[in-house]
Visitor: 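The structure that follows is given in the form of structure tokens.
For clarity, every value in this text was computed on a predicted model and none was experimentally measured.
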Amino acid sequence: MSAPERADDPFWDALRTTTQSRIGLGRTGDALPTRRVLEFAAAHAAARDAVHQPLDAADLVARARDLGIGEPVVVTSRAADRGEYLRRPDLGRAPADLSALPTVPDGAADVALVLADGLSPRALTDHGVALAAAVLAALPPDVTVAPPVVATQARVALGDHVARALGARTLVVLIGERPGLSVADSLGIYLTHRADPEDFGAGVTDAHRNCISNIHPPEGLGYTDAARIAAGLVVGARRLGRSGVDLKDTSRAELEGADLRGLD
């Protein structure tokens, strides 16, 4: 059976409740209705704004203090501005200066938590602190977390440098994902265990990371569910001794009472 051509046909009503994709747009002659064209243009503008809008790092730091794990620190990549960041992904993966990071005794922090603007600073602004709080609440009580790091003009791999500087074996990066024409404020979580090139023959690659994506309640993955998955991956990575393709989501496993000491 072919789908109805009229956008106002009840056939489409139930389907629209299951997806943010543009379906059943209808047509006027051989073109889309003006309303749908304008909606598309507005979504495209929102996506562009999300990419180019710089992060208000001072505001994020002020709110991240409420996480209660220490004074947040701001680091930036070698990309001088947003334009260079978009043109030179390689510069976004390397830090300009890490001297502002606190001195953490070796082994004192199990996890390094990085809040990175990525390709959607808006996503980090809207969801970053709340998601970080949910992750901290979901972690087993004996997991120690270094003071939060706010990273600007940052790609995921910048977090590797932060984790090594802090002496943390597990890296958790909360980062703004590439905006689409349906969602401009989606966050992702990237977890890397032992983010040191010396631990991997060819260096750290995406194969060594685990990703939880599409975090943007209420339409996308919620904070609690995302945090539960992240906590399960942290436990699993420490038990397995590595992350990435060898590590599966263990979030459904019982986390209470998990003893993570001595698992590296």
Visitor: Would you kindly confirm whether V61 and L187 end up in one hydrophobic cluster when ILVMFWY residues are joined by side chain heavy atoms under 4.5 Å apart?
Guide: yes

Visitor: If you round to the nearest 0.5 Å, how far is CG of D126 from OG of S120?
Guide: 8.0 Å

Visitor: Identify the residue among R93, R155, R209 that makes a salt bridge (charged side-chain N to carboxylate O under 4.0 Å, His left out) with D160.
Guide: R209

Visitor: So which atom in G159 and which in V114 form the shortest heavy-atom distance, rounded to 0.1 Å?
Guide: CA-CG2, 4.4 Å

Visitor: What's the shortest heavy-atom distance between A112 and A168, and which atoms?
Guide: N-CB, 3.6 Å

Visitor: Out of curiosity, does I212 fall in the hydrophobic cluster containing L139 (side-chain heavy atoms, cut-off under 4.5 Å, transitive links)?
Guide: yes

Visitor: For the backbone of S77 and the side chain of Y85, can you confirm whether one donor and one acceptor N or O come within less than 3.5 Å of each other?
Guide: no

Visitor: Is it true that the side chains of T192 and H208 contain a donor and an acceptor less than 3.5 Å apart?
Guide: no

Visitor: Are R36 and E39 close enough for a salt bridge, meaning some N to O gap below 4.0 Å?
Guide: yes

Visitor: Counting only N and O atoms by type, is there a donor-acceptor contact under 3.5 Å from the side chain of R194 to the main-chain atoms of G241?
Guide: yes

Visitor: Carefully, step by step, assess L86 and H52 under the rule side-chain contact (heavy atoms from CB on, under 4.5 Å).
Guide: CA-CA 9 Å; L86 295 172; H52 290 282; 3.5 Å; yes

Visitor: Counting only heavy atoms from other residues, nucleotides and ligands, does the tally under 6.0 Å from CZ of R82 exceed 12?
Guide: yes

Visitor: Under a 3.5 Å distance rule, please check whether H216 uses its side chain to pair with a backbone N or O of A123 as donor and acceptor.
Guide: no

Visitor: Give a yes or no on whether the backbone of L119 and the side-chain of E177 come within a donor-acceptor separation of less than 3.5 Å.
Guide: no

Visitor: Please find the pair of heavy atoms, one from L166 and one from A146, that lie closest to each other, and give the distance.
Guide: CD1-CB, 3.8 Å

Visitor: Set out, in order, the CA-CA distance, both residues' side-chain angles and the distance that settles side-chain contact (heavy atoms from CB on, under 4.5 Å) for V172 and I189, then state yes or no.
Guide: CA-CA 7 Å; V172 176; I189 299 176; 3.8 Å; yes

Visitor: Quick check for you: to the nearest 0.5 Å, what is the distance between I175 atom CD1 and S213 atom OG?
Guide: 12.5 Å

Visitor: Work out which heavy atom in T28 is nearest to a heavy atom in P33; give both atom names and the distance.
Guide: OG1-CA, 3.6 Å

Visitor: Find the distance between OG1 (T170) and CG (L113) and round it off to the nearest 0.5 Å.
Guide: 12.0 Å

Visitor: Apply the hydrophobic cluster definition, ILVMFWY joined by side-chain contacts under 4.5 Å directly or through others, and give me every member besides L91.
Guide: none

Visitor: The test is side-chain contact (heavy atoms from CB on, under 4.5 Å); show your working for D142 and D110 and say whether it passes.
Guide: CA-CA 9 Å; D142 60 346; D110 299 316; over 6 Å; no

Visitor: Looking only at non-hydrogen atoms, find the nearest pair between A100 and V73 and report the distance.
Guide: O-CG1, 3.5 Å

Visitor: Step through the shown structure and confirm whether more than 12 heavy atoms of other residues, nucleotides or ligands are within 6.0 Å of OH on Y190.
Guide: no

Visitor: Quick check: does any side chain N or O of N210 sit under 3.5 Å from a backbone N or O of S243, one acting as donor and the other as acceptor?
Guide: no

Visitor: Tell me yes or no: between the side chains of D117 and T152, is some donor less than 3.5 Å from an acceptor?
Guide: no

Visitor: Where do L247 and R242 land on the side-chain contact (heavy atoms from CB on, under 4.5 Å) test, with the steps shown first?
Guide: CA-CA 7 Å; L247 175 64; R242 57 188 180 275; over 6 Å; no

Visitor: Please name the pair of heavy atoms, one in A237 and one in L191, separated by the smallest distance, quoted to 0.1 Å.
Guide: CB-CD2, 4.1 Å

Visitor: Do V183 and L181 sit in one hydrophobic cluster, given that two such residues count as connected whenever their side-chain heavy atoms are within less than 4.5 Å of each other, even indirectly?
Guide: no

Visitor: Heavy atoms, side chains only, cut-off 4.5 Å: are D185 and T125 in contact?
Guide: no

Visitor: Count I, L, V, M, F, W, Y as connected when their side-chain heavy atoms are under 4.5 Å apart, and connections chain through other members. Are L25 and V37 then in the same cluster?
Guide: yes

